[in-house]
Amino acid sequence: AELWRNGCLQFYLACLHADFAAELLGQEFLQITALDSIAVWLVNEPERVEDHLLHPETISQLVAFFKHVSSSSLAAALESFMKMVTKSRRLNRSLAVGGLAAELSDRLNSPEANPLARLNMLKLTKAIYDANTRSKQLASETNLPHQLRQLLESEREGELVLVKQMAQALLVSLGTT
């Protein structure tokens with residue numbers, strides 16, 4: 001009750017805004033902590049938190065944060081997003097069509113993503129597409145099949161076998177092999 005009374009959710013969401021965090025602390029760890037706090041809060045109080053997170057401007061803010069999170073903080077951000085999309089189907093769908101699916105697709109082949117981050121991006125992508133009723137259409141709109149094929153064809157040194165297996169499984173589940 002105290003968290004609601006003191007506007008903590010709005011504060012956490014404000015922390016995700018790049019300008020706010022840069023001006024206040026200049027440290028991305030505050031943003032990651034805020035994102036994880038939101039995710040944990042959603043797990044513990046799903047109905048109330050979900051209602052706030054489903055606002056279009058909040059969805060845009062979460063997607064923008066994901067788009068700009070650095071590669072060094074990507075793994076932690078992915079964990080928090082995974083908590084959120086697995087806890088709330090409505091939030092999952094809203095984030096997917098609000099741009100998160102496209103951002104994930106775009107980042108899959110980023111040279112900055114390490115194999116573990118890439119595996120976690122694939123897991124998050126799978127969670128999003130499994131919960132979406134129009135996953136094939138969304139995959140087509142986000143160019144996901146092409147990105148997955150490109151990932152399978154790449155010869156990155158140290159790439160995890162699991163990354164390739166997960167990419168192949170996603171292609172099969174989307175019916176685009």
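All values reported here derive from a predicted model rather than from experimental measurement. Residue numbers start at 1 and run along the sequence shown.
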J.: Does a sphere of radius 6.0 Å around NZ in K83 hold more than 12 heavy atoms from other residues, nucleotides or ligands, not counting ones at 6.0 Å or beyond?
T.: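 Atom NZ in K83 is packed in, count exceeds 12.
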
J.: side-chain contact (heavy atoms from CB on, under 4.5 Å) between S154 and K164: does it pass, once the steps are laid out?
T.: CA-CA 10 Å; S154 70; K164 303 242 179 190; 4.0 Å; yes

J.: Between the main-chain N or O of F29 and the side-chain N or O of T33, is there a donor-acceptor pair closer than 3.5 Å?
T.: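 Here the side-chain-to-backbone pair exists.
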
J.: Which residue pairs satisfy the ring-ring contact (aromatic ring centres under 6.0 Å, His included) criterion with at least one member in residues 130-149, sequence neighbours excluded?
T.: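 Non-adjacent pairs meeting ring-ring contact (aromatic ring centres under 6.0 Å, His included): zero.
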
J.: Excluding sequence neighbours, so at least two apart, what forms salt bridge (Lys or Arg N to Asp or Glu O under 4.0 Å) with R90?
T.: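 Checked R90 against salt bridge (Lys or Arg N to Asp or Glu O under 4.0 Å); matches are E50, D51.
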
J.: Is there a side-chain contact between P145 and L171 in this structure, where contact means two heavy atoms from C-beta onward sitting under 4.5 Å apart?
T.: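 They are in contact (side-chain heavy atoms under 4.5 Å apart), so the answer is yes.
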
J.: With side chains defined as the heavy atoms from C-beta onward, is the minimum distance between L104 and L78 less than 4.5 Å?
T.: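 Answer yes - side chains close enough.
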
J.: Could you tell me if the side chain of L100 sits less than 4.5 Å from the side chain of N92, heavy atoms only?
T.: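 No, their side chains stay 4.5 Å or more apart.
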
J.: Tell me if a side-chain donor or acceptor on S88 pairs with a main-chain N or O of M84 at a distance below 3.5 Å.
T.: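 No, S88 side chain to M84 backbone: no donor-acceptor pair under 3.5 Å.
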
J.: Looking at N6 and C8, would you say the former's side chain and the latter's main chain have a donor-acceptor pair under 3.5 Å?
T.: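 Judged by distance alone, no pair lies under 3.5 Å.
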
J.: As a test of understanding, state which of H52, K87, E47 forms a side chain to side chain contact (heavy atoms under 4.5 Å, CB included) with L42.
T.: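 That would be K87.
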
J.: Report yes if the side chains of L9 and R48 come closer than 4.5 Å at any heavy-atom pair, otherwise no.
T.: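 A side-chain contact under 4.5 Å is absent here.
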
J.: Within the 4.5 Å heavy-atom criterion, are L122 and L148 side-chain neighbours or not?
T.: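 Counting from C-beta outward, L122 and L148 do come under 4.5 Å.
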
J.: Nearest 0.5 Å, what's the NE2-OG distance between H68 and S73?
T.: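 If I round to the nearest 0.5 Å, the distance is 14.5 Å.
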
J.: Decide yes or no for L62 and T58: does some side-chain heavy atom of the first lie under 4.5 Å from some side-chain heavy atom of the second?
T.: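 Yes, their side chains come closer than 4.5 Å.
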
J.: Do L16 and V40 belong to the same hydrophobic cluster, where Ile, Leu, Val, Met, Phe, Trp and Tyr are linked whenever their side-chain heavy atoms lie under 4.5 Å apart, directly or via other members?
T.: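 The answer is no; the residues belong to distinct hydrophobic clusters.
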
J.: For a side-chain contact (heavy atoms from CB on, under 4.5 Å) check, start with the C-alpha distance between W4 and V49, then their side-chain angles and the critical distance, and finish with the verdict.
T.: CA-CA 10 Å; W4 288 109; V49 175; 3.7 Å; yes

J.: Salt-bridge test for D106 and K67: reply yes if a basic N is under 4.0 Å from a carboxylate O, no otherwise.
T.: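 Looking at D106 and K67, the cut-off is not met.
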
J.: Could you verify whether a donor N or O on one side chain and an acceptor N or O on the other, from Q61 and E57, lie under 3.5 Å apart?
T.: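 Short answer, no.
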
J.: So, applying side chain to side chain contact (heavy atoms under 4.5 Å, CB included) with M121, which one of L151, L116, V163, L108 is it?
T.: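 Exactly one option meets the side chain to side chain contact (heavy atoms under 4.5 Å, CB included) with M121, and it is L108.
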
J.: With the 4.5 Å side-chain cut-off for hydrophobic clustering, are V43 and I38 part of the same group?
T.: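 Per the 4.5 Å side-chain linkage, V43 and I38 are not co-clustered.
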
J.: Are V97 and R93 side-chain neighbours, meaning at least one heavy-atom pair lies under 4.5 Å?
T.: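 No, side chains not in contact.
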
J.: Counting distance only, does the side-chain N/O of N132 pair as donor-acceptor with the main-chain N or O of I128 below 3.5 Å?
T.: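 A pair under 3.5 Å: no.
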
J.: Any link between M82 and L91 through a network of hydrophobic side chains (Ile, Leu, Val, Met, Phe, Trp, Tyr) touching at under 4.5 Å?
T.: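 Hydrophobic grouping puts M82 with L91.
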
J.: Can you check side-chain contact (heavy atoms from CB on, under 4.5 Å) on I32 and V69, steps first, answer last?
T.: CA-CA 9 Å; I32 295 299; V69 72; 4.0 Å; yes

J.: Restricting to non-hydrogen atoms, name the atom on R118 and the atom on N109 that form the minimum distance, rounded to 0.1 Å.
T.: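 The pair with the smallest heavy-atom distance is NH2-C, 4.2 Å.
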
J.: Filter on ring-ring contact (aromatic ring centres under 6.0 Å, His included), then keep only pairs touching residues 83-140, sequence neighbours left out; what's left?
T.: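 Residue pairs passing ring-ring contact (aromatic ring centres under 6.0 Å, His included), neighbours aside: none found.
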
J.: With a 4.5 Å heavy-atom cut-off, do K126 and S135 have their side chains touching?
T.: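 No, every pair of side-chain atoms sits at 4.5 Å or beyond.
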
J.: Are any side-chain N or O atoms of S105 and backbone N or O atoms of A101, one a donor and one an acceptor, separated by less than 3.5 Å?
T.: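 No; judged by distance alone, with no hydrogens or angles, the pair does not exist.
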
